[in-house]
S.K.: 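Have a look at the structure that comes next, please.
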Amino acid sequence: PGGTAIISDGSWSSKTIERGKDPSGLGRWSFTTVVGKNDSRLTVICAYRVCSGQNINNVGPSTAYAQQYGLLKKKGKVSPNPREQFIRDLKAFVQEKINMHHDILICLDANEELTTKNSRIKALMTECGLYDVASSKVSPSPPTYTKNGREYTIDFFFGTQRVVDS
């Protein structure tokens, strides 16, 4: 289900040392790592988090949420929550790369605002030591979604401090 992509061409392609995807097979993210000056590493992640579905019975059968729910259930999860599983899995991946001294840039369709009470996206950002790149450049972050006349910011660029500073 789903899928994301990153394309590296031109001078970036010769700097690419690793590329890959969400190891779960759910198509939630793809990534590429490039090497820079002094052997610095930057891992760029393109990620999609499914829309909220409070109950599997309330979502359509062909939605990405339902597809991920079914695949997680097949993998042995008793009561899968694709949105929460995304947070856990992406956090583990990002922390692994940070432990390898990579800088991180996540381009994320989060389907959640940072200002939502108990925001899991904000927790991901905080627990991984990431910053909202757009809001560090333009405050407040521009809206990325409109529903019923209300504007929301649900898409983000999160990065490590060196990414924000560059």
Side-chain angles (χ1 to χ4, degrees), residues 2-12 15-24 26-54 63-65 68 81-166:
T4 61
I6 295 179
I7 298 171
S8 303
D9 66 355
S11 64
W12 286 103
K15 294 174 174 62
T16 300
I17 58 170
E18 183 183 15
R19 63 180 65 84
K21 60 185 177 181
D22 168 16
S24 74
L26 297 177
R28 302 172 297 176
W29 70 79
S30 52
F31 73 94
T32 189
T33 300
V34 294
V35 64
K37 292 180 183 175
N38 302 318
D39 203 36
S40 61
R41 311 285 166 119
L42 171 65
T43 296
V44 180
I45 303 163
C46 176
Y48 171 75
R49 182 179 183 219
V50 295
C51 297
S52 63
Q54 298 297 325
T63 61
Y65 185 98
Q68 288 185 15
N81 180 333
R83 288 174 55 81
E84 185 59 33
Q85 192 66 51
F86 171 88
I87 297 293
R88 283 194 292 269
D89 294 347
L90 184 59
K91 177 183 168 186
F93 179 76
V94 168
Q95 287 177 331
E96 175 186 335
K97 293 298 181 185
I98 288 173
N99 289 339
M100 296 167 58
H101 307 288
H102 291 215
D103 281 306
I104 302 291
L105 175 62
I106 303 176
C107 311
L108 173 62
D109 180 348
N111 283 309
E112 178 183 307
E113 291 186 290
L114 289 176
T115 56
T116 302
K117 184 179 179 181
N118 301 319
S119 170
R120 297 299 294 135
I121 291 299
K122 185 166 187 163
L124 169 75
M125 184 181 79
T126 303
E127 292 167 15
C128 290
L130 302 175
Y131 302 89
D132 181 357
V133 177
S135 72
S136 73
K137 308 292 181 190
V138 179
S139 186
S141 290
T144 59
Y145 177 72
T146 303
K147 182 176 182 180
N148 299 326
R150 182 167 177 245
E151 295 181 325
Y152 303 86
T153 302
I154 61 171
D155 303 302
F156 302 96
F157 292 100
F158 293 149
T160 48
Q161 187 65 57
R162 281 181 21 146
V163 170
V164 172
D165 292 343
S166 59

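Along the sequence shown, residues carry numbers from 1. What you are looking at is a predicted structure, and each value in this text was computed from that prediction instead of being measured.
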S.K.: Do Asp155 and Leu108 have side-chain heavy atoms sitting under 4.5 Å apart?
M.R.: no
S.K.: Would you say the side chain of Val50 lies within less than 4.5 Å of the side chain of Arg83, judging by non-hydrogen atoms?
M.R.: yes
S.K.: Between Lys97 and Glu18, is the salt bridge (charged side-chain N to carboxylate O under 4.0 Å, His left out) condition met? List the steps.
M.R.: CA-CA 12 Å; Lys97 293 298 181 185; Glu18 183 183 15; 2.8 Å; yes
S.K.: Between Trp29 and Phe86, how do the two ring planes meet: parallel, tilted or perpendicular, split at 30° and 60°?
M.R.: perpendicular
S.K.: How many angstroms lie between OG in Ser135 and CZ in Phe156, if you round to the nearest 0.5 Å?
M.R.: 9.0 Å
S.K.: Between Asp39 and Arg41, is there a salt bridge with N-O shorter than 4.0 Å?
M.R.: yes
S.K.: Write down the atom of Cys46, the atom of Ala5, and the distance for their closest heavy-atom approach.
M.R.: SG-O, 3.8 Å
S.K.: Distance-only, no hydrogens or angles: does the Thr116 side chain make a donor-acceptor pair with backbone N or O of Ser119 under 3.5 Å?
M.R.: no
S.K.: May I ask you to say whether Arg120 pairs ionically with Glu112, meaning some side-chain N is under 4.0 Å from a carboxylate O?
M.R.: no
S.K.: Looking at every non-hydrogen atom in both residues, tell me the closest pair between Phe158 and Val133 and how far apart they are.
M.R.: C-CG2, 4.0 Å
S.K.: Heavy atoms, side chains only, cut-off 4.5 Å: are Thr115 and Lys122 in contact?
M.R.: no
S.K.: Tell me whether Asn111 contacts the main-chain N or O of Arg49 through its side chain, where contact means a donor paired with an acceptor under 3.5 Å.
M.R.: yes
S.K.: Quick one: are Ile98 and Ile104 in side-chain contact, heavy atoms under 4.5 Å?
M.R.: yes
S.K.: Nearest 0.5 Å, what's the OG1-NZ distance between Thr32 and Lys15?
M.R.: 12.5 Å
S.K.: If we count only N and O atoms by modelled type, under 3.5 Å, do the side chains of Thr144 and Thr153 hold a donor and an acceptor together?
M.R.: no
S.K.: Could you check whether any side-chain N or O of Ser24 sits under 3.5 Å from a backbone N or O of Leu26, counting only pairs where one atom can act as donor and the other as acceptor?
M.R.: yes
S.K.: Can you check whether Val163's main-chain N or O pairs, donor with acceptor, with Ser166's side chain at less than 3.5 Å?
M.R.: yes
S.K.: Would you mind checking if Arg150 and Glu113 are paired as a salt bridge, meaning a charged N to carboxylate O distance below 4.0 Å?
M.R.: yes
S.K.: Decide yes or no on side chain to side chain contact (heavy atoms under 4.5 Å, CB included) for Arg162 and Ser40, but give the supporting numbers first.
M.R.: CA-CA 11 Å; Arg162 281 181 21 146; Ser40 61; 3.4 Å; yes
S.K.: Is Lys91 salt-bridged to Glu96, going by a charged N under 4.0 Å from an acidic O?
M.R.: no
S.K.: Hey, does Trp12 have a side-chain heavy atom less than 4.5 Å from the side chain of Val34?
M.R.: yes
S.K.: Kindly determine whether Thr160 and Val164 satisfy side chain to side chain contact (heavy atoms under 4.5 Å, CB included), including the steps that lead there.
M.R.: CA-CA 6 Å; Thr160 48; Val164 172; over 6 Å; no
S.K.: Taking CZ in Arg88 as the centre, count heavy atoms belonging to other residues, nucleotides or ligands within less than 6.0 Å. Is the count above 12?
M.R.: yes
S.K.: Verify, without hydrogens or angle tests, whether Thr43 (side chain) and His102 (backbone) share a donor-acceptor contact under 3.5 angstrom.
M.R.: no
S.K.: Grab the two heavy atoms, one from Tyr65 and one from Cys51, that are nearest each other, plus how far apart they are.
M.R.: CD1-O, 3.4 Å
S.K.: Do any N or O atoms from the side chain of Thr4 and from the backbone of Arg28 form a donor-acceptor pair under 3.5 angstrom?
M.R.: no
S.K.: A quick test of your reading: do over 12 heavy atoms of other residues, nucleotides or ligands sit less than 6.0 Å from CD1 of Ile7?
M.R.: no
S.K.: Side chains of Tyr152 and Lys147: closer than 4.5 Å at any heavy-atom pair?
M.R.: yes
S.K.: Heavy atoms, side chains only, cut-off 4.5 Å: are Leu42 and Thr33 in contact?
M.R.: no
S.K.: Does Phe157 CZ have over 12 foreign heavy atoms under 6.0 Å away?
M.R.: no
S.K.: Checking side chain to side chain contact (heavy atoms under 4.5 Å, CB included) for the pair Met125/Ile121: CA distance, chi angles, key distance, verdict?
M.R.: CA-CA 6 Å; Met125 184 181 79; Ile121 291 299; 5.7 Å; no
S.K.: Got Ile45 and Phe93 here, is their nearest side-chain heavy-atom distance under 4.5 Å?
M.R.: yes
S.K.: Decide yes or no on side chain to side chain contact (heavy atoms under 4.5 Å, CB included) for Val44 and Ile6, but give the supporting numbers first.
M.R.: CA-CA 8 Å; Val44 180; Ile6 295 179; 4.2 Å; yes
S.K.: Kindly give the heavy-atom pair with the smallest separation between Gly27 and Asp22, and that separation in Å.
M.R.: N-OD2, 3.6 Å
S.K.: Any chance the side chains of Gln161 and Asp165 put a donor and an acceptor closer than 3.5 Å?
M.R.: yes
